[in-house]
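I have placed the structure first, in the form of structure tokens, so that the comments after it can refer back to it.
Computed from a predicted structure; not experimentally measured. When a ligand or atom number is given, it counts from 1 through the structure's own listing order.
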Amino acid sequence: MKSHAKAVVIGGGVVGCSVLYHLAKSGWTDIMLIERSELTSGSSWHAAGGFHTLNGDPNVAKLQAYTVQLYKEIEEISGQSCSLHLTGGVMMADTPERMDFLRLAHAKGRYLGMDTELITPSEAKAMFPLMDETNFVGAMWDPVEGHLDPSGTTHAYAKAARKLGAEIVLRNRVVELTQEVDGTWNVVTEQGTVKAEHVVNCGGLWAREIGRMVGVELPVLAMEHMYLLTEPMPEVEEFNKSTGREMIGVLDFKGEIYTRQERNGILLGTYEKACKPWSPVSTPWDFGHELLQPDIDRIAPSLEIGFKHFPGIEKAGIKQIINGPFTFALDGNPLVGPVQGLTNFWCACAVMAGFSQGGGVGLALSNWMVHGDPGFDVWGMDVARFGEWATLRYTNAKVRENYSRRFSIRFPNEELPAARPAQTTPLYDTMIANNAVMGDSWGLETPLWFAPRGSEPKDVVSFHRSNDFGPIGEEVRATREKVGVTEIANFAKYEVSGPGAEDFLNRLMTNRMPKTGRIVLTPMLNEFGRLIGDFTIAKASPRGGEERFMIWGSSAAQKYHTRWFEKHLPKDGSIRIHRFDQTLVGLSIAGPKSRDLLQKLVDVDISTTAFRFMDFREMAVGGAPCMVNRITYTGDLGYEIWMAPAYQRLVYKAIKEAGEEFGLVDFGMRALLSMRLEKNFPTWFRELRPIYGPFEGSMDRFIKLEKNDFIGREAAAKEQAEGPKLRRVSFIVDAADADVMGDEPIWAKVGGKDYGTVEKPHGYGAPRFDAGGKEVRGSNAAEGASAVRGIVDGDWRVVGWVTSGGYAHYVEKSMAQGYVPAALAENESAGLFEIEILGHRRPARVNVEPPFDPSGEKMRT
Ligand SMILES: Cc1cc2nc3c(=O)[nH]c(=O)nc-3n(C[C@H](O)[C@H](O)[C@H](O)COP(=O)(O)OP(=O)(O)OC[C@H]3O[C@@H](n4cnc5c(N)ncnc54)[C@H](O)[C@@H]3O)c2cc1C
């Protein structure tokens, strides 16, 4: 074993081997993989080997498509077969709601380049005769599904990596990780210590233990998972003989089961409600190639439904039941990327579908390590997406919830209950007493809307407008016409201070930094000129002679942004970044009466000229020391008021008392989001994401190319010079009783006209390498953009996709935001656009100006 390596990958499961292969392919050959036992000694060896491309997150779906496409490549390089069976598969809907869910998934596929098709139960039965089709109302066919040999596939990655120069060390456990002052890692193993620049945690079932070696508690938990194998079935053999084809994969949501052909019989796996964590606190190091005791009682309810839906399987004898553990993060997607707070410590774990996702994970992580950027929008699997609140017990509760709901419908207005409440503000009990329906916002309880007195504060979950529609409308109207108050503790808040803080922020941000007492809005770009942040920044008066800036951003991106800030901090420690979390909370008041209200609570002049739009000031509100921004996300006259939690109740009480004479109402997050829609304001992670450029995102006025050399400037200048290919636009939709949720296709009647290729960007810029280490571009399905298929219908074409939307209550319009080719973006003609909502195409019209207060006069007053 060598004593030095550029990177050490810990763990020889399918994920570790894929990471090793992709690193080697990117040209890093001084790398090694260290495996405790033999390759596949964690969860990889007993996997059912199924793969598919569908995922709730379109970006993860694209990386899954890449994984499936990669198998041929690694087979060719390694000479090792993966035993790929590309059978295709169906998802069966047993209710109209489930059919709506499949329609949504199918609609999304229109711009993701997926060839899914909605079919009848009888058509599904023709491909899988073991089912009783009368149990179903419809189905969706996906041709890119199948199964493979898990062991062969892992070895194919490993052999291909070896051929490219990587070293693999077996039967050698990593027992300790320490880091030198210069950043070098000491990877202490049973056979000696390896000095490494980078360490990658691909520990699978032991990923948590490897995290603990560096003081990190990763939110990952192993669950027991069972599948059964039947005896050979004459029906299967007969089908194979008569059609010359293998049986397809079937996913039955109601029964929470999946099936596929295995030799001459059937493999049937379950995601049962009564699920069971395995080794919930720590994983024993001596766990090897052993299986867990099957527990047929636990899966009996699923089997009962399964046998009713697939009577052909019930008749067959059960040959074997496999029960094995594998890992999940809270939302079922992987944990990938650099761990915030550490240098060169990387994660590729919690990969619950290693044979669908392993390739994409390896590609994204190797890009990140080699080029400093994953090259794709990998937010859906970024290890930074969970905060410190995701403790061991929190993870346990959430993973169990996620597992038991794997095949359940998640409605757009559905809040999941496990592990809540976790974090609360001092106003939590008051909000509950006010009949608030609470939601989870990055682990923090946040009021969503207020149910009328006497009614149960609960969402009726639905794809359609629901019981919150009326109350949200009232909250919006009262705020727009008088004044409203809402909690905004769920924003991210940072302070950046120190000599040179302004230069530091100027290098990171696209807009000029504000003068003392002023506020700016500014996007942040990566080196490829793609949007990686959107902030409100205020310059506070200096303290101790040091520059001081307050920054507000997206709460979900707190670790993601902190990691980026830390990466770019000067090494001399001159600049400090403080993340407040819930040590700073807030309230926002908005509406035409908000100034009169606030004036009653402060002892300074806040008239239009004394406290202008976009001013920032530290002042006492209701006797509590606060920071006040003259800005609100409602786009009205309004204020954001920030205080230490100890003062929040005092300030809220003062606002409520003073507000009585003005008709003050409480409003929740959903009313806030409705109001931002009628102002055409974007949201982070919906409209603004790393797949879009700043001009595509219509953020033009915040991009000051002439100010100084900020990160991403060159790429942004190029985008501006060439003209953006896409544009973010707002639509007014002629919806019925359901509004858009996001990810719906946008159709346009373009006739024979060519408005450029319709592409949903996915990757951006980062170079890729072929198997010989040669740089290539546009070489694989994950690269660049999705090809769009099945999008033409006479004169109509799918030209874009919705990012978010809903009902804009004050202007009484259903609204959507999304991306379309730039050439179409300002075309306000009627009859040009349609947006597909739950399978029905609804007329839609671009509105370039916001329908509420287009001139911005109200907020500037
Ligand atoms: C019953 C069952 C059915 C499944 N079916 C499917 C399916 O159909 N499709 C699908 O895609 N996925 C399936 N899975 C999930 C799949 O197995 C996992 O997604 C995959 O195995 C994860 O791979 P990994 O490399 O992350 O982890 P692992 O396979 O657990 O590999 C981790 C490796 O790290 C090594 N290691 C850990 N700590 C150390 C250390 N300190 N030093 C050195 N080495 C260390 C371990 O020995 C192990 O070999 C199934 C899993 C089970 C249990």
Side-chain angles (χ1 to χ4, degrees), residues 8-20 32-52 64 67-68 89 145-151 153-154 157-158 168-177 187-191 194 199-213 220 222-229 249 251 258-260 262 267 269-271 278 283-289 291-292 294 320-329 332-336 347-359 361-362:
V8 168
V9 177
I10 306 173
V14 63
V15 175
C17 292
S18 168
V19 169
L20 191 75
M32 63 201 289
L33 182 150
I34 302 180
E35 164 55 46
R36 183 185 66 99
S37 176
E38 305 296 333
L39 295 181
T40 76
S41 291
S43 52
S44 295
W45 71 276
H46 51 237
F51 61 80
H52 53 266
Q64 292 188 183
T67 303
V68 176
E145 270 194 47
H147 58 99
L148 46 65
D149 167 23
S151 173
T153 302
T154 309
Y157 276 123
I168 296 180
V169 181
L170 300 176
R171 295 173 291 283
N172 184 26
R173 180 157 73 88
V174 172
V175 293
E176 195 184 353
L177 292 167
V187 183
V188 185
T189 77
E190 290 169 332
Q191 294 172 21
V194 183
V199 170
V200 192
N201 178 359
C202 296
L205 295 174
W206 296 266
R208 219 173 19 179
E209 280 63 29
I210 294 171
R212 286 173 190 160
M213 289 179 192
V220 48
M223 299 293 290
E224 293 194 10
H225 183 73
M226 278 180 269
Y227 62 83
L228 58 83
L229 299 165
L251 196 151
Y258 59 88
T259 68
R260 67 164 171 85
E262 171 68 22
L267 179 155
T270 67
Y271 278 87
W278 177 76
T283 309
W285 287 112
D286 60 357
F287 182 75
H289 263 70
L291 288 169
L292 310 175
Q320 194 186 2
I321 299 181
I322 306 283
N323 184 11
F326 68 115
T327 54
F328 294 79
N333 274 332
L335 297 172
V336 180
C347 257
C349 53
V351 184
M352 63 80 54
F355 299 93
S356 297
Q357 301 176 328
V361 165

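The distance criterion of under 3.5 Å between nitrogen or oxygen atoms is not met by Gly324 with respect to ligand 1. Between Gly354 and ligand 1, at least one pair of N/O atoms sits closer than 3.5 Å. Some N or O of Val174 is nearer than 3.5 Å to an N or O of ligand 1, by distance alone. Residue-to-ligand polar distances keep Arg173 apart from ligand 1: every N/O pair is separated by 3.5 Å or more. Residue contacts with ligand 1: Gly49 is placed with a nitrogen or oxygen under 3.5 Å of a nitrogen or oxygen of the ligand (distance criterion only). Where the criterion is an N or O separation shorter than 3.5 Å, residue side chain and backbone included, Ser44 meets it with respect to ligand 1. By the 3.5 Å distance cut-off applied to N or O atoms, Val14 is counted among the residues near ligand 1. Looking at Ile10 next to ligand 1, no N or O pair under 3.5 Å apart turns up. By the 3.5 Å distance cut-off applied to N or O atoms, Val15 is counted among the residues near ligand 1. When only interatomic distances are considered, the shortest N/O to N/O separation between His225 and ligand 1 does not fall below 3.5 Å.
Within the 4.5 Å cutoff, the side chain of Trp206 has no heavy atoms near those of the Asn201 side chain. Using a 4.5 Å cut-off on side-chain heavy atoms (C-beta onward), Thr67 and Ser356 make no contact.
Taking only non-hydrogen atoms, the option from Cys17, Gly50, Gly11, Gly13 nearest to atom 10 (C) of ligand 1 is Gly50. Among Glu35, His46, Gln64, the residue whose heavy atom lies nearest to atom 53 (C) of ligand 1 is His46. Of the listed residues (Pro334, Gly203, Ala350, Ser356), the one carrying the non-hydrogen atom nearest atom 32 (C) of ligand 1 is Gly203. Evaluated by nearest non-hydrogen atom to atom 17 (O) of ligand 1, the leading choice among Ser18, Ser43, Gly42 is Ser43. Nearest-residue assignment for atom 52 (C) of ligand 1 (options Phe326, Phe328, Trp45; heavy-atom criterion): Phe326. Counting heavy atoms only, Ala48 comes closest to atom 4 (C) of ligand 1 of the residues Ala48, Cys349, Gly16.
The residue from Leu229, Ile322, Thr259, Leu228 that alone fulfils the side-chain contact (heavy atoms from CB on, under 4.5 Å) condition with Leu267 is Leu229. If you run side-chain hydrogen bond (donor to acceptor under 3.5 Å, both in side chains) between Arg171 and each of Glu35, Glu38, Glu190, only Glu38 comes through. For the side-chain contact (heavy atoms from CB on, under 4.5 Å) with Ile10, the lone residue among Val200, Ile34, Val199 that qualifies is Val199.
Contact annotation for Cys202 and ligand 1: only backbone heavy atoms (N, CA, C, O) come within less than 4.0 Å of the ligand. Contacts of Trp206 with ligand 1, taken as heavy-atom pairs under 4.0 Å, involve the side chain alone. Residue Met352 touches ligand 1 through its backbone alone, judged by heavy-atom distances below 4.0 Å. For Ile210, every heavy-atom contact with ligand 1 shorter than 4.0 Å involves the side chain, none the backbone.
Using a 4.0 angstrom heavy-atom cutoff, Trp285 counts as in contact with ligand 1. Residue contact annotation: Tyr227 has a non-hydrogen atom under 4.0 Å from ligand 1.
Here the straight-line distance linking atom CD1 of Ile321 with atom CG of Leu292 works out to 13.0 Å at 0.5 Å rounding.
Here is the list of ligand 1 atoms found below 4.0 Å of a heavy atom in Pro325: 53 (C). Near Leu205, meaning under 4.0 Å from one of its heavy atoms, ligand 1 places the atoms 30 (O).
The two residues Tyr227 and His46 come nearest to each other via the heavy atoms OH-O, 3.0 Å.
Applying the salt bridge (charged side-chain N to carboxylate O under 4.0 Å, His left out) criterion to Arg260, with sequence neighbours excluded, gives Glu262. Take Arg212 and apply the salt bridge (charged side-chain N to carboxylate O under 4.0 Å, His left out) test, not counting sequence neighbours, and it matches Glu209, Glu217.
Using modelled atom types, one finds a donor on one side chain and an acceptor on the other under 3.5 Å when comparing Arg208 with Thr283.
Note on ring orientation: taking the six-membered ring where Trp is involved, the planes of Tyr271 and Tyr258 are tilted (angle from 30° to 60°).
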